[in-house]
Amino acid sequence: MVGLPKVHRLQHRQDFREVFRDGIRRTSPHLTLRALPFKPRIPDKEAVKAIELVETLPLPTRIGISISLKVSKRAVIRNRIKRQIQAAFRQLLFQISPGWRLVVVVQPAATQEKCDYHQFLQELEQLLAEAEVLNGHS
RNA sequence: GAGAGUAGGCGCAGGUGGUUACAGACCAGUUAAGGCAGAUGGUCUGAGGAAAGUCCGGGCUCCCGAAAGACCAAACUUGCUGGGUAACGCCCAGUGCGGGUGACCGUGAGGAAAGUGCCACAGAAACAUACCGCCGAUGCAGCAAUUAGCCAUAAGCUGACUGCUUGCAGGUAAGGGUGCAAAGGUGUGGUAAGAGCGCACCAGCAGCGUCGAGAGGCGCUGGCUCGGUAAACCCCGGUUGGGAGCAAGGUCAAAGGAACACGGUUGGUCUUUUACCGAUUCCACUGCCUAAGAGCCGCUAGAGGCGUCUGGUAACAGGCGUCCCAGAUAGAUAACCGCCCUUAAAAGUGGUCAUGCCACUUCUAAGAACAGAACCCGGCUUAUGUCCUGCUCUCUCCC
RNA sequence: GCGGGCGUAGUUUAGUGGUAAAACCUUAGCCUUCCAAGCUAAUGAUGCGAGUUCGAUUCUCGCCGCCCGCU
């Protein structure tokens with residue numbers, strides 16, 4: 001079980017807000033996926049330079065995980081679920097088209113049944129396929 | 001030996017090596033005028049006993065302008081004694097009371113003869129009284145017997161004495177019943193009946209003596225007695241500048257300086273000041289937006305850890321030596337493997353009177369639980385796996 | 001991080017030291033040809049644990065759960 005490097009994580013509140021506002025939505029029994037493709041938000045002057053940047057070195061996929069207190073009041077459990085999802089993403093990372101911003105919302109049911117690493121991996125794969133985020137490499 | 005229980009632990013929260021992964025610090029080299037950031041490689045480090053609940057106490061920072069003194073007011077409730085501590089509502093040692101066969105445990109432990117309130121139902125009565133009952137000594141009335149006087153006798157009248165308990169005035173609080181609680185308790189004398197009315201013991205109160213640092217302990221004497229509730233109001237004692245909290249606060253960001261008189265500034269009043277604020281005048285300056293960007297600082301060396309010695313019953317204090325040990329910000333610790341260690345179970349060998357116990361060997365299993373730092377400390381409370389030690393009670397066996 | 005409020009029958013509310021109340025719901029009976037309505041009766045609760053008190057839903061303390069606010 002391994003974590004995600006910092007480049008591939010959503011780090012700012014602004015990003016989360018935009019994904020929740022404009023992103024497409026797909027759901028599965030235990031997870032909800034919100035996805036938003038890359039869109040330059042830097043105004044006029046910087047825009048040209050930014051587009052050049054994208055062309056030269058493509059933006060990495062950024063992934064955020066949202067898990068509320070209602071899922072479980074115990075921090076240990078929330079952290080474990082987060083790590084499991086991170087590990088699943090790490091396995092799927094090379095299949096995802098670059099430039100997407102993804103947010104996974106964990107449903108309260110995720111604490112209940114036999115929700116382990118493989119369950120999350122399977123659900124994520126299905127969600128990403130539905131959202132057409134995957135490229136043809138697999 | 002078994003079972004049950006009780007108290008404590010400055011006991012542990014596996015160790016170590018390796019492969020991947022994440023976070024931080026430092027170093028190297030790369031891009032580069034230089035700096036920051038990023039990527040690459042290397043070294044080191046990386047959660048807890050409760051990190052939790054947020055129930056208390058502090059440090060730190062800002063705001064209420066600051067400081068000192070007197071009186072009053074207000075707020076708070078921590079309230080047996082002595083000690084410890086930076087401080088505490090915490091800790092240690094002791095006292096009283098209560099519980100337990102015991103080891104031990106609990107204790108929100110000032111005042112009820114300053115005052116007010118409440119004490120349902122029941123009961124006569126809940127703080128002052130008298131329902132049933134007992135007595136009826138004393139006084140009055142009634143009835144009966146005896147006797148004395150008046151009278152010739154009887155009857156009658158008057159008086160004395162005794163009895164009745166019939167009644168009233170009255171005495172009493174022993175007994176009954178009610179209740180959580182009924183006017184100190186038990187015994188005995190005493191009395192008309194009773195009563196601390198007298199006496200003995202016990203309990204309580206006051207005074208004296210004595211022991212103790214003190215709470216209090218012990219002893220003697222005295223008078224004879226006073227319900228409970230203050231986690232009801234309250235009184236007394238004690239304490240106190242208040243508020244906000246690291247999302248404090250600073251900084252990235254220009255927002256300044258001078259003058260003198262007036263007015264004002266602690267909850268209130270009074271006093272003082274070199275303090276501060278307002279407004280006024282003069283000079284100078286000022287385009288707008290974004291600070292939730294978790295930018296950078298605060299931000300991790302501290303009432304610090306470990307070892308040892310000294311003092312103290314202990315909490316704890318002091319000396320010396322040694323070590324540096326998380327600093328994230330959508331928020332870092334995980335997965336797998338080898339060896340060692342610990343515990344448990346099974347098998348074998350040896351010791352022993354022993355199917356038990358101890359030691360060794362082999363193999364297997366487990367290392368679980370509660371749970372994740374968010375400015376930092378000291379406590380309390382709650383959650384939780386395992387190990388060790390002291391003590392107590394009961395049963396059984398041996399001497 | 002800081003602060004506030006509430007837990008009472010299955011549900012919504014009373015009760016603030018002395019047998020825990022009401023409405024709706026549920027069940028049974030009566031009524032009706034049947035149902036509804038109506039009438040009668042029954043079942044059923046103080047979140048948990050200590051303490052104060054003769055006695056606690058009420059007072060005190062500690063937990064647990066739920067809801068809300070501020071930054």
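All chains are named by letter (A, B, ...) in the order of the sequence lines, taking the proteins before the strands, and each is independently numbered beginning at 1. Because only heavy atoms are used, hydrogens play no part in the values below, and waters and symmetry mates are left out as well, while side chains stay in. Just so it is clear, the model here is predicted, and its values are computed rather than measured.
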Partner nucleotide of B/A86 by Watson-Crick or wobble geometry (both distances under 3.5 Å): none
Opposite nucleotide pairing with B/A109, Watson-Crick or G-U, both atom distances under 3.5 Å: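 Matched B/A109 with B/U95 under the 3.5 Å cut-off.
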Would you measure the distance from the [atom1] atom in [N] across to the matching atom in [M] and give it in whole Å?
{"N": "B/C375", "M": "B/C297", "atom1": "C1'", "result": "13 Å"}
{"N": "B/G245", "M": "B/U265", "atom1": "C1'", "result": "26 Å"}
{"N": "B/C91", "M": "B/C380", "atom1": "C1'", "result": "11 Å"}

Heavy-atom pair of closest approach, residues A/A88 and A/L121: O-CD1, 3.7 Å
Mind listing the closest non-hydrogen atom pair of A/Y117 and A/Q84 along with its distance? CD1-O, 3.8 Å
OP1 or OP2 of B/A371 versus the side-chain N and O atoms of A/R74: is any pair under 4.0 Å?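 For A/R74, the contact criterion (side-chain N or O under 4.0 Å from OP1 or OP2 of B/A371) is met.
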Residue met sooner reading RNA chain B from 5', once A/A75 and A/I63 are mapped to nucleotides: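 On the 5' side of the pair lies A/I63.
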With pairs defined as Watson-Crick or G-U wobble and both distances under 3.5 angstrom, please note down RNA chain C as a dot-bracket string, | for pairing with another strand. (((((((..((((....[..)))).(((((.......)))))....(((((..]....)))))))))))).
A/Q86 CD to B/A330 C1', straight-line distance once rounded to whole Å: 10 Å
Taking OH from A/Y117 and C1' from B/A21, how many angstroms apart are they, rounded to a whole number? 13 Å
